[in-house]
2 protein chains.
Amino acid sequence: MTNLLAPKGSIARAARVLDVLSLAPDGADLTEIVAQSKFSKTTTFRVLASLREVNYVFQDPSTRIYRLGSKLAEMARNAEQVNVSAIAERGMARLAEMSEDTVFLSVPEGASSICVNRKVGAFPIRTLTLDKGDRRPLGVGAGSLALFCSLSEAQRATVCRVNKNWLAEYGATEESLASEYEFFQVNGYARNRGGVVRGMSAIGVPVITASGRLVAALAIGAIDERMKQERIEELILPGLKREARRLADRLNAMEKEQNK
Amino acid sequence: MTNLLAPKGSIARAARVLDVLSLAPDGADLTEIVAQSKFSKTTTFRVLASLREVNYVFQDPSTRIYRLGSKLAEMARNAEQVNVSAIAERGMARLAEMSEDTVFLSVPEGASSICVNRKVGAFPIRTLTLDKGDRRPLGVGAGSLALFCSLSEAQRATVCRVNKNWLAEYGATEESLASEYEFFQVNGYARNRGGVVRGMSAIGVPVITASGRLVAALAIGAIDERMKQERIEELILPGLKREARRLADRLNAMEKEQNK
DNA sequence: CCCAATAATTCCGTTTATCGGAATTTTTTA
DNA sequence: TAAAAAATTCCGATAAACGGAATTATTGGG
């Protein structure tokens, strides 16, 4: 009999094993992986052997401990999100320090927005609406909304259609998004007024390279008291725009470099 | 009959499909992937379906084009090499600009050293000994040698034994490595005098965090004329040491952050 | 707007690679 | 040095992956 919780197919199994490893920065031995993955020892072993073959995992010959391998890292370098997140690190840190609030970085994937990085500022009341890895429909949340508003009319329409039910879960409709789009056009940033959490607001701006590619959105979230118009205009927005531009410039430089 | 060139096992097949995708920054459609991977359409399709299930690939619903997915990116963020490479970006750029020569970043993996990043300086004669992704036995090349020399005596011995034949391909022996180790102890950096390419030299230093973890090596390579003792002592070495320390400090800060 | 051509997806009988329990070997610990 | 634990290999049973063919969806003229 096959394990009820077991994913179907070797690829799903491999993914689970890799998951376990990615949560173990210092690696894990076979028994540990068996325990975490819930697969039989034999299966786990064979999956690991296959993954080792393609350099997705590496086994330290002396300790027999398994770690994520070089191939994975190499491939990841090609997966843009990683780069965006890594490159944004310093800028986000600057924003978090400057504003003392929480800074989010999101990237678009199809009709969704994925939070790929987060920096927490010094202010004691924190607004942790999004975790790293969280996925939301485009248009829900300040960063996600900034991404949505940077799409073409046709794309926005598609997103609304595709995500209709998902958007409804967050109380968003095509109309509400259209109204936020207007706001974005006029003010140059997207806002999120207590949509998900009451008493909390956020504003977001898109990150667009010189070649016109929409790569990410930067957003800052805080309790309403810290999101008055004056503070937004004098502190938050200039900061976001500055870092968004920097990030775009650096990504652009890397793009050029790649073509050499 | 199964394809002669086909890798064995679903995991190897999945890896090949991911390889194809990672070489296609703008994604690829099914036929393209079929062509590149040499698998049957059905197999390719099914592999992609499995990969999609675990978010390793993402298929744009409107264009049906496949790309590397969010999960891969998320996982990669945990694979240290990526971070090291991304974090080192600026420092390497500074070194490349300052020295005008070529800057290499290598990380250790078992008994090998993997080049994970490279920055080319302005000087017209370039010494591109290593590509991103290249793997060498520990001890071959300045960066790799710096890693080797930062190991314990027992580890060095193991490396020599394990890599014996591989080292021989590069004309290196236990004795030659021992002699370079002496040099490293005395001078605080590793050197590579035309070992691989005649007329070219390089020097490297290790990057070690405050907690004592050996994470990488930074190296600079140039033609011999630009690697005279004076230039090394006045320009190259101080630069390398400074950036190595900075990098170590940043990695250390991130390590602490992780434990929160 | 319809039809042809191309691409994507599903179906299905066959075969093979994967499965897990048990046996074996290696490594660690007492 | 023996006992215990962990890693690895073996093997028969079987589920899962295979690919060719059929089906469905999409695209690109005319």
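So you know, we letter chains A, B, ... as the sequences are listed, proteins then strands, and number each from 1. Just the heavy atoms: all of them, side chains too, but no hydrogens, waters or symmetry mates, feed the values below. As the structure is a prediction and not an experimental result, all values here were calculated from the model.
The side-chain heavy atoms of Leu214(A) and Pro206(A), taken from C-beta on, include a pair separated by under 4.5 Å.
Distance CZ (Arg16(B)) to P (dC18(D)): 12 Å, rounded to an integer number of Å. Rounded to a whole Å, the CD1 atom of Ile33(A) is 12 Å from the C1' atom of dA7(D). Remark: P of dC11(C) and NZ of Lys41(B) are 15 Å apart, rounded to the nearest angstrom. Atom CZ in Arg13(A) sits roughly 11 Å away from atom C1' in dA17(C) (whole-Å rounding). Taking atom CZ of Arg46(B) as the reference point, atom C1' of dG20(D) lies 13 Å away to the nearest angstrom. Atom P of nucleotide dA7(D) and atom CZ of Arg52(A) are separated by 12 Å, given to the nearest angstrom. Distance, Ile11(B) CD1 to dA17(D) P: 11 Å, rounded to whole Å. One atom, CG of Asp29(A), and another, P of dT26(C), lie 19 Å apart when rounded to the nearest Å.
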Q: In sequence, state the C-alpha distance, the side-chain angles, and the governing distance for Lys132(A) and Phe104(A), and then conclude on side-chain contact (heavy atoms from CB on, under 4.5 Å).
A: CA-CA 9 Å; Lys132(A) 274 192 195 180; Phe104(A) 302 93; over 6 Å; no

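Place Ser40(B) and Arg64(B) on DNA chain D by their nearest nucleotides, and Ser40(B) ends up nearer the 5' end. Each of Val47(A) and Thr42(B) has a nearest nucleotide on DNA chain C; the 5'-most of these lies closest to Thr42(B).
For the OP1/OP2 pair of dT6(C) and a distance below 4.0 Å, the side-chain nitrogens and oxygens of Thr31(B) include no atom meeting the criterion. Within the structure, every side-chain polar atom (N or O) of Ser10(A) is placed at least 4.0 Å from both OP1 and OP2 of dA16(D).
Considering only the side chain of Leu30(A), dT8(D) comes nearest among dA21(D), dT8(D), dG21(C).
Of the candidates Leu48(B), Leu68(B), Val47(B), Leu68(B) is the only one forming a side-chain contact (heavy atoms from CB on, under 4.5 Å) with Leu18(B).
At least one cation-pi condition fails for Arg52(A) and Phe58(A): the charged atom is not both under 6.0 angstrom from the six-membered ring centre and inside a 45 degree cone around its axis.
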